[in-house]
There are 2 protein chains.
Amino acid sequence: MPPATTRSIPENAVASGGSRPVRVAEQIKEWVVARGLRAGDRLPSEPELIERFGMAKGTIREAMRILEAQGLIKTRTGPGGGSFVHEVSMERARALLGNYFYFKNLTIADIYQLRRVLEPELAASLAGRLPDTVLAELEDNIAHYDAPAETAAEEREQHINSLRFHALLARQSENDLLAFMIDFMAQMLSDLTVYRKLYAKPNLELWSRGRDYQARLVAALRDGDSEAARRIMASHMDTAQALMQEQEAEIRRNFIPG
Amino acid sequence: MPPATTRSIPENAVASGGSRPVRVAEQIKEWVVARGLRAGDRLPSEPELIERFGMAKGTIREAMRILEAQGLIKTRTGPGGGSFVHEVSMERARALLGNYFYFKNLTIADIYQLRRVLEPELAASLAGRLPDTVLAELEDNIAHYDAPAETAAEEREQHINSLRFHALLARQSENDLLAFMIDFMAQMLSDLTVYRKLYAKPNLELWSRGRDYQARLVAALRDGDSEAARRIMASHMDTAQALMQEQEAEIRRNFIPG
DNA sequence: CCCAATTTGTTCGTATGTATC
DNA sequence: AGATACATACGAACAAATTGG
């Protein structure tokens with residue numbers, strides 16, 4: 001198969017675009033789906049794929065890298081090694097979606113427009129459904145920002161800790177879509193660098209109200225009071241947004257130095 | 001270009017990275033960010049990268065495939081060709097995130113738990129802000145399902161058209177996060193395969209109410225009546241969810257090509 | 001229309017690294 | 001420790017696509 005490319009009609013009507021590794025990657029996906037392979041199942045070995053697709057090792061390897069980058073496979077060397085179907089992890093999905101928003105200019109207001117409606121929804125749906133271990137974990141987390149911050153660095157750390165509270169909560173949801181979105185937003189906010197104008201002093205009243213809300217929220221969740229949980233979370237979001245806006249927080253791409 | 005944060009890929013956090021192509025891809029990301037390259041800017045040529053990283057061509061190419069799979073670069077052959085920084089497209093981001101949910105078992109109820117709060121939010125924020133051209137486009141879209149469907153195929157086509165209405169609306173938002181999430185959910189619902197039980201007849205009343213809502217929504221958007229838009233969309237979501245649940249629609253799990 | 005230059009795309013042979021038994 | 005089975009990496013040569021003369 002020397003010329004390999006009969007310049008007539010693409011063999012595969014679908015996804016005829018892209019280089020060969022891209023097409024091979026698509027075909028492997030289809031093959032996996034057709035066979036009903038699940039996470040952990042092994043893909044054919046490199047030599048087998050070379051044989052099956054009639055292509056060189058390099059081409060096959062590039063295809064595997066594409067699937068790997070998407071988080072769909074993992075590869076191991078050694079005997080019993082090979083490539084295995086892998087469930088895309090939340091971390092990977094977060095990172096890939098983060099790439100998309102890297103090129104957008106999200107504001108605090110943008111993120112809170114969603115948080116203000118999604119977080120209360122989450123809270124309401126979790127009321128009365130959390131085991132004591134999780135409730136304890138949440139209370140434990142609150143303890144990390146029990147006292148007002150005295151320095152900017154401390155305040156930032158508290159902020160990140162309080163976002164962990166929400167990520168923790170998100171993970172408890174049985175709605176994977178809701179869980180992902182809330183976790184993603186918390187991650188985005190964690191990646192922010194907050195610049196406080198020098199003359200803007202910490203608003204202790206807002207801070208203590210925010211802290212208070214989380215404690216009351218845990219209580220409502222334990223009591224199974226769905227509507228109270230919703231209400232409290234809604235107020236908490238108001239406070240949190242006010243705090244961030246007051247600090248004139250700006251989204252800074254956290255890899256840009258200075 | 002996103003940072004090659006270790007947080008992005010915690011699976012490999014240990015041992016400071018995976019295979020060489022993966023590390024090279026990360027380094028190229030960092031290099032691009034450090035240089036402040038933006039969409040459209042050209043990356044070094046293959047021979048230059050080989051020289052710069054002291055690695056074989058195949059290794060470099062695998063690295064480029066990784067970046068390409070993430071939607072971060074595009075590559076062209078020929079004079080003036082090479083690899084170029086590329087803004088991750090919404091389509092690509094959708095597909096990559098879709099891979100994550102391929103392994104989850106989202107239900108109609110899961111998606112609507114978010115739609116019910118996000119779509120009204122979108123509607124309210126767009127009221128009075130849409131140019132006549134867009135309003136006309138929306139009305140034009142409604143015309144595609146002006147008459148009740150007579151066959152299952154027709155009904156499915158109408159369903160997809162009505163989802164296009166929402167995708168169209170989403171694209172008008174200045175909040176890129178909200179826009180993406182709503183667009184993503186519409187896409188997920190479009191990808192559904194709807195299995196209607198044979199004995200379950202189309203519910204004409206629900207259908208006509210749904211259709212009516214979209215017309216009234218456009219009117220409210222034109223009038224700039226934000227709260228009416230929110231209310232109408234909320235009711236529309238109720239109807240739409242009822243329709244889908246009644247049809248016992250199921251999510252067809254499939255990788256989204258791209 | 002063809003030709004030449006430029007740049008990525010693909011192949012093959014070989015050698016090395018790594019994990020399992 | 002050594003053999004085995006697998007991916008990983010290298011390098012040279014050639015093919016294909018695109019642009020411009």
Side-chain angles (χ1 to χ4, degrees), chain A residues 1-12 15-28 32 40-69 71-86, chain B residues 9 11-12 14-28 32 37 40-86:
Chain A
M1 182 184 170
T5 341
T6 47
R7 276 294 82 209
S8 50
I9 292 177
E11 300 92 326
N12 22 352
S16 64
S19 55
R20 274 203 262 206
V22 172
R23 291 200 304 267
V24 170
E26 292 299 328
Q27 285 177 27
I28 292 177
V32 165
D41 290 341
R42 189 169 185 253
L43 271 63
S45 71
E46 233 173 47
E48 281 171 327
L49 289 171
I50 291 168
E51 167 74 14
R52 186 187 302 265
F53 290 99
M55 276 182 274
K57 194 165 37 191
T59 307
I60 297 295
R61 286 183 61 74
E62 287 182 33
M64 299 312 257
R65 283 286 112 80
I66 290 171
L67 296 176
E68 197 180 55
L72 293 170
I73 67 170
K74 290 281 188 199
T75 296
R76 291 199 310 265
T77 62
S83 294
F84 300 83
V85 177
H86 192 262
Chain B
I9 311 174
E11 296 100 322
N12 311 344
V14 194
S16 84
S19 55
R20 270 200 260 206
V22 172
R23 290 200 304 268
V24 170
E26 299 296 326
Q27 285 177 31
I28 292 177
V32 165
L37 297 194
D41 290 341
R42 195 178 171 213
L43 271 62
S45 70
E46 258 179 12
E48 282 171 327
L49 291 171
I50 291 168
E51 165 75 14
R52 186 187 303 266
F53 290 98
M55 275 180 279
K57 183 172 180 170
T59 307
I60 297 295
R61 286 185 58 77
E62 287 181 37
M64 299 311 260
R65 285 288 98 77
I66 290 171
L67 297 176
E68 196 180 55
Q70 298 178 343
L72 294 169
I73 68 170
K74 289 279 189 202
T75 297
R76 292 198 310 264
T77 62
S83 294
F84 300 82
V85 178
H86 193 262

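Note that these values count all heavy atoms, side chains included, but never hydrogens, waters or copies made by symmetry. Chain identifiers are assigned alphabetically (A, B, ...) following the order of the sequence lines, protein sequences preceding nucleic acid strands; residue numbering begins at 1 within each chain.
A straight line from CD of A:Glu51 to C1' of C:dC12 spans 16 Å, rounded to a whole angstrom. The separation between A:Leu49 atom CG and C:dT11 atom C1' is 17 Å, rounded to whole Å. Rounded to whole Å, the distance from NZ on A:Lys74 to P on C:dA19 is 15 Å. In this structure, A:Leu67 atom CG and D:dA7 atom P are separated by 14 Å, rounded to whole Å. Distance CD (B:Glu48) to C1' (C:dT6): 13 Å, rounded to an integer number of Å.
Nearest heavy atoms, A:Leu43 versus A:Met64: CD2-CE, 3.9 Å. Minimum interatomic distance between A:Glu46 and A:Ile60 (heavy atoms only, all atoms of both residues): CG-CG2, 4.5 Å.
Formation of a donor-acceptor pair under 3.5 Å by the B:Arg42 side chain with backbone atoms of B:Gly81 is found in this model.
A salt bridge does not link A:Arg65 to A:Glu62: none of the charged nitrogens lies less than 4.0 Å from a carboxylate oxygen.
Contacts of B:Gly82 with the nucleic acid, taken as non-hydrogen atoms under 4.0 Å apart, involve only primed sugar atoms and P, OP1 or OP2.
With sequence neighbours excluded, no residue forms a side-chain hydrogen bond (donor to acceptor under 3.5 Å, both in side chains) with B:Ser19. In this structure B:Thr59 satisfies the side-chain hydrogen bond (donor to acceptor under 3.5 Å, both in side chains) test with no other residue, sequence neighbours excluded.
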Worksheet, complete the sentence: Once base and sugar-phosphate atoms are separated, protein heavy atoms under 4.0 Å mark nucleotides 8-13 of chain D, 5' to 3', with B, S and - as BBB---
